Amino acid sequence: MNNVDSATPLHFIKAIIEKDLETQKYKGRVHTRFPPEPNGYLHIGHAKSICLNFGLAQEYNGLCNLRFDDTNPIKEEEEYVNSIQEDVKWLGFDWDDRLYYASDYFHQLYAYALQLIEKGKAYICDLSPDEMREYRGTLTEPGKNSPYRDRSVEENLDLFQRMKNGEFPDGTRVLRAKIDMNSSNLNMRDPVIYRILHASHHRTGDQWCIYPMYDFAHCFSDSIERITHSICTLEFEDHRPLYDWFLDAVGVYHPQQIEFARLNLSYTVMSKRKLNELVKLKLVDGWNDPRLPTIAGLRRRGYTPQAIQVFAERIGVAKSDSIVDIALLEYCLREDLNKVALRVMAVLDPVKLVIENYPEDGLEYVEAIDNPEDPDSSTRKLPFSRVLYIERDDFKEDPPHKYFRLAPGAEVRLKHAYYVTCTGYEKDEKTGEVVEIRCTYDPETRGGWSSDGRKVKGTLHWVSAAHAVNAEVRLLDRLFLVPNPDDVLEGGNFKDNLNPNSLKILEGCKLEPGMVDAKIGTSYQFLRNGYFTKDSKYSTNHKLVFNQTVPLRDSWAKIENAQKPDGK
Ligand code: ATP
Ligand code: MG
């Protein structure tokens with residue numbers, strides 16, 4: 001019946017699906033959908049829902065639709081429709097020819113509304129929004145019936161048609177379901193089904209001036225598409241009775257709504273309203289700012305679809321809300337990049353290292369392994385010459401105890417090249433800054449290993465000064481300073497918790513020559529500095545810009561491993 005991989009855990013939604021398959025509830029079909037509202041870019045929370053819905057369809061030989069929930073003409077834009085499709089595809093999922101829009105169903109939805117009226121299950125209400133709120137009651141007080149509740153079917157049909165024909169201004173009337181003003185569930189207290197809105201819709205233009213509400217449009221859209229399992233987040237649990245009521249009241253095909261806990265991530269915000277605010281106020285560099293949890297931002301930052309899929313699998317599917325540590329997402333990313341990323345030499349804060357006993361115009365090529373994690377790794381040749389760049393931080397005039405990098409008299413390994421011993425350095429007289437370091441190399445240590453068994457503790461990365469390419473490198477830290485950005489002092493808001501140092505731009509970084517051909521969409525491990533990817537927005541033919549994808553968690557442990565002769 002299905003091709004379930006027994007290795008993947010059976011969470012409660014899979015358990016429901018398997019039972020339904022067993023009982024032939026939907027004749028063996030599994031048909032899910034991902035229903036974004038095109039009012040913003042997708043974020044990592046949506047990715048969880050995408051992986052879940054498309055993933056279940058794949059696992060049970062079913063189908064998954066992409067449906068734009070575009071019932072609100074005010075906030076929706078074509079830009080979002082396009083970005084959402086791009087993001088779902090990039091994550092690795094395919095809706096084939098099943099791309100739908102709730103707005104495609106406006107005529108059908110209108111017909112369903114007419115049926116409800118004809119059955120005496122819906123009425124036109126003329127209460128003002130304020131009055132309606134007052135009549136609604138509260139969690140502890142029952143509501144009151146609207147004085148318009150008992151209008152005749154004929155009058156309701158007439159008014160509804162005139163609403164549709166544009167005879168009334170916005171907000172003057174609504175169509176409501178006639179359910180129960182005493183229900184303990186506020187959603188069941190005669191909810192609004194249609195409202196008047198003289199607004200242009202991104203797809204239907206000015207064809208409509210009444211628009212269906214989310215709860216009404218959603219269940220019928222699922223029904224029209226013959227969805228079997230309509231998976232949504234927990235806040236819709238209290239809407240499920242309404243979902244069921246609408247479908248039963250009209251008497252159409254009835255999918256099963258199932259709720260799961262939304263993903264919350266530490267050190268970030270996920271609500272589209274807040275993300276939109278950051279973008280509109282230019283507190284970030286657009287929806288695809290690499291510090292944002294948007295899929296477009298994660299992509300620009302160098303995240304891989306594989307890492308996101310594995311993350312979605314690992315966090316699982318639960319029935320109660322929790323906050324996932326962003327470190328888990330970063331872990332999944334490192335795990336993936338470690339397997340695939342090319343290791344390159346990149347000096348982010350360069351200072352010159354001159355090898356005094358190396359020929360003035362000498363040049364040789366040393367062999368560098370592309371990825372030591374891959375037993376079949378290819379190698380490449382790096383130019384080595386008399387003048388190199390190393391990290392400023394890798395030299396100390398006055399080294400502290402246990403400092404294994406370069407210092408006067410100290411010997412270190414230049415990765416893939418030679419042992420060098422520091423013989424001196426020069427400083428800028430005015431600033432006191434070290435401007436050049438001098439050393440000698442031991443020609444007997446080619447490849448970075450000594451034949452006499454002499455050991456060095458420090459291994460430095462470097463680039464040949466004459467061959468290096470220049471780049472701007474953007475170091476990225478968390479966008480917020482605290483795990484929960486909504487934790488604010490009274491009167492404050494989440495923006496108070498923005499990290500003012502989340503972006504640090506380094507100019508004049510020096511990369512190994514092959515990086516002129518770096519590809520957008522590929523992350524590289526800059527040895528000892530972390531993973532980086534070419535920025536898709538600011539890189540040009542004349543300028544290389546890199547974003548930090550994620551730091552290496554424990555760069556020193558890696559260096560120490562690299563020093564073992566078998567740790568190449
Ligand atoms: P927001 O609350 O951020 O505005 P939303 O839920 O209104 O987001 P939709 O476009 O309606 O955004 O979401 C599309 C689908 O993605 C829905 O099925 C929704 O349940 C799911 N989804 C949204 N946010 C999350 C999240 N954080 N975790 C899991 N699923 C989510
Ligand atoms: Mg929503």
Side-chain angles (χ1 to χ4, degrees), residues 11 13 31-57 64-72 74-77 79-85 87-88 91 93 95 99-103 202 213-215 217-219 221-222 225 227 229-240 243 255-280 287 292-298 308-309 311-324 326 328-329 484-486 494:
H11 55 66
I13 299 183
H31 200 150
T32 56
R33 85 287 171 267
F34 173 64
E37 188 181 345
N39 61 351
Y41 278 59
L42 298 180
H43 52 60
I44 184 77
H46 294 113
K48 173 178 178 176
S49 177
I50 293 166
C51 292
L52 181 62
N53 280 294
F54 281 93
L56 288 170
C64 181
N65 299 351
L66 174 61
R67 181 202 312 143
F68 287 106
D69 212 328
D70 58 348
T71 50
N72 181 354
I74 311 257
K75 288 194 274 174
E76 292 155 5
E77 284 176 33
E79 178 194 352
Y80 302 137
V81 168
N82 295 332
S83 74
I84 288 169
Q85 294 184 55
D87 290 350
V88 175
L91 275 175
F93 298 105
W95 53 87
L99 173 63
Y100 301 115
Y101 293 83
S103 58
H202 76 117
M213 300 303 286
Y214 173 84
D215 281 320
H218 192 78
C219 60
S221 301
D222 282 348
E225 292 174 20
I227 298 303
H229 302 85
S230 172
I231 300 166
C232 61
T233 41
L234 275 186
E235 67 273 21
F236 290 101
E237 197 164 16
D238 289 345
H239 295 241
R240 186 172 4 112
Y243 184 103
Q256 175 65 52
Q257 177 178 309
I258 304 168
E259 308 86 19
F260 72 103
R262 65 168 49 231
L263 168 67
N264 300 301
L265 257 193
S266 62
Y267 294 97
T268 191
V269 292
M270 219 105 86
S271 119
K272 277 190 276 197
R273 183 182 61 74
K274 288 178 191 154
L275 294 172
N276 197 17
E277 202 175 329
L278 294 175
V279 173
K280 294 279 139 70
W287 282 98
L292 287 179
T294 52
I295 296 178
L298 296 172
I308 295 173
Q309 285 185 23
F311 171 72
E313 186 71 42
R314 287 216 175 118
I315 55 178
V317 181
K319 258 290 187 195
S320 60
D321 276 317
S322 65
I323 298 178
V324 174
I326 196 163
L328 178 61
L329 178 62
N484 177 7
D486 288 321
F494 74 103

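Quick caveat: nothing in here was measured; it's all calculated off a predicted structure. Just so you know, residue 1 is the first one in the sequence shown, and it goes up from there. Order of listing sets the numbers, starting from 1, for every ligand and every atom in it.
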Atom indices of ligand 1, in the order listed, that fall short of 4.0 Å to a heavy atom of [X]:
X	answer
Leu263	26 (C), 27 (N), 28 (N), 29 (C)
Ser271	3 (O)
Ser49	16 (O), 21 (C), 30 (N)
Met270	3 (O)
Thr233	20 (O), 29 (C), 30 (N), 31 (C)
Pro36	10 (O), 14 (C)

Closest approach of [X] and [Y], non-hydrogen atoms and distance?
X	Y	answer
Lys48	Arg262	NZ-C, 4.5 Å
Pro485	Val269	CB-CG1, 3.9 Å
Trp287	Glu79	CD1-OE2, 4.4 Å

[X]-ligand 1 polar pair, N/O distance under 3.5 Å:
X	result
Lys272	yes
Glu37	yes
Phe236	no
His46	yes

Does the side chain of His229 come under 3.5 Å of the side chain of Asn53 through a donor N or O and an acceptor N or O?
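Note: His229 and Asn53 side chains miss the donor-acceptor criterion.
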For Asp238, all residues meeting salt bridge (Lys or Arg N to Asp or Glu O under 4.0 Å), sequence neighbours excluded
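Listed in chain order: nothing, the list is empty.
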Is Phe34 in contact with ligand 1, taking contact as a heavy-atom separation below 4.0 Å?
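Phe34 counts as a contact of ligand 1 under the 4.0 Å cut-off.
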Going by heavy-atom distance to atom 6 (O) of ligand 1, choose the closest among His218, Arg262, His43.
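Nearest heavy atom to atom 6 (O) of ligand 1 lies in Arg262.
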Using a strict cut-off of less than 4.0 Å between a Lys/Arg side-chain nitrogen and an Asp/Glu carboxylate oxygen, indicate whether Arg33 and Glu225 qualify as a salt bridge.
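No, this pair does not count.
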Rounded at 0.5 Å granularity, tell me how far CG in Leu52 sits from CG in Leu263.
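Interatomic distance, Leu52 CG to Leu263 CG, rounded to 0.5 Å: 12.0 Å.
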Test side-chain contact (heavy atoms from CB on, under 4.5 Å) applied to Tyr267 - qualifying residues, sequence neighbours left out:
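Per chain and number, Tyr267 pairs via side-chain contact (heavy atoms from CB on, under 4.5 Å) with Ile326, Arg478, Pro483.
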